[in-house]
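What follows is one structure encoded as structure tokens, with my remarks underneath.
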Amino acid sequence: MTAEIIDGKKLAESIKEDIKNTIAVRKAQNLPIPGLATVLVGNNPASKTYVANKIKTTAALGIRSYSYELEENTSQESLEMLISELNDNPEVQGILVQLPLPEHLSEDKVLHSISPKKDVDGIHPYNAGLLSRKYSEPLFYPCTPSGIMRMIESVCPDISGMKAAVVGRSSIVGMPTAMMLSRSNATPTICHSYTKDLDEICRESDILVAAAGSPHLIQGDWIKPGAIVIDVGINHIPDSTKPHGYRLVGDVDFDEAVKRAGAISPVPGGVGPMTIAMLMANTLKAIEYR
Ligand code: GUN
């Protein structure tokens with residue numbers, strides 16, 4: 001059996017097309033259009049690429065874009081001052097502070113300082129708290145987990161009762177993905193570096209979300225036949241045949257896993273484009289909270 005490929009790029013294109021059309025209609029009707037502020041601190045090359053992609057997409061969809069690039073040695077105080085200004089700026093509906101921040105800055109304090117109503121990343125502790133409460137709705141669902149859920153739904157609209165393994169427990173991906181799987185009535189197991197018998201947990205799982213940041217951690221024979229596999233990993237591994245001397249791989253051994261899974265997302269072209277599409281969807285939604 002060869003798995004169905006979950007084409008995140010194609011799915012993201014159709015979500016972005018809908019957003020673009022909605023914004024065009026709003027413009028024609030003289031209704032407010034959203035503005036997204038991106039804040040990049042320092043020189044992390046991967047973060048620079050991610051933010052550049054977000055800004056490019058914002059412009060392509062007709063969303064107003066405000067870009068802030070701060071020096072590596074920016075102080076906590078000046079970063080929080082900028083966020084406070086953006087919180088008060090009526091032109092800005094969404095604020096995205098790219099993570100990770102340089103080590104001298106407190107990520108936790110920075111996230112707390114963003115208005116939950118402008119937290120289009122969906123990672124403010126207020127929104128994260130609401131996500132974990134049974135009868136509550138966060139103002140925004142986090143982008144990568146939302147993208148993962150849309151990809152799963154594209155091949156299996158009802159996951160009630162299914163067993164899921166989430167490998168990785170980060171605040172941005174692993175933890176909120178487990179919450180969202182549970183909200184959709186699946187039963188997630190959150191796995192991490194101390195988890196015993198990770199391979200066995202994976203083999204029992206109808207849904208496997210790999211977000212450990214470890215190249216090819218998940219081996220082909222760990223996959224339950226027919227399972228839905230979502231690979232969140234973005235890892236650069238040396239490859240002398242490539243122009244840059246490296247290539248991009250996920251957390252899953254794709255070539256082996258594709259032979260056993262029912263559906264699998266590739267890297268690249270899987271979760272990455274979906275994260276940006278969901279950020280755009282959240283930015284559009286942010287107009288409701290103006
Ligand atoms: N760094 C890696 N992924 C993300 C994300 O989804 N949001 C932010 N703010 N930073 C990130």
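Note that the coordinates shown come from a computational prediction; the quantities given were computed from them, not determined experimentally. Quick note: residue numbers are just sequence positions, from 1. Both backbone and side-chain heavy atoms feed into the values below; hydrogens, waters and symmetry mates do not. Remember, it's 1-based here, ligands and their atoms both numbered in the order they're listed.
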Original post:
Does Phe140 have its ring centroid less than 6.0 Å away from the ring centroid of Tyr126?
Top reply: no
**OP:** Would you give the length of the straight line joining atom CG of Leu284 to atom CG of Leu279, rounded to the nearest 0.5 angstrom?
**Re:** 11.5 Å
**OP:** Give yes or no for whether the N/O distance cutoff of 3.5 Å, strictly under, is met between Val97 and ligand 1.
**Re:** yes
Subject >> Protein contact to atom 5 (C) of ligand 1 [nearest heavy atom, distance to 0.1 Å] >> reply: Asp121 OD1, 4.0 Å
Original post:
Taking only heavy atoms of Gln98, which atoms of ligand 1 are found under 4.0 Å from at least one of them?
Top reply: 1 (N), 2 (C), 9 (N), 10 (N), 11 (C)
Original post:
What distance do Asp253 atom CG and Asp231 atom CG have between them, rounded to the nearest 0.5 Å?
Top reply: 10.0 Å
**OP:** Answer side chain, backbone, both or neither: which part of Leu99 comes under 4.0 Å from ligand 1, heavy atoms only.
**Re:** both
Subject >> Polar proximity ligand 1 side, Thr275 side, N/O cut 3.5 Å exclusive >> reply: no
Original post:
If you measure from the Lys or Arg side-chain nitrogens to the Asp or Glu carboxylate oxygens, is any gap between Lys224 and Asp206 under 4.0 Å?
Top reply: yes
Original post:
Can you hop from Val232 to Ile264 via hydrophobic side chains spaced under 4.5 Å?
Top reply: no
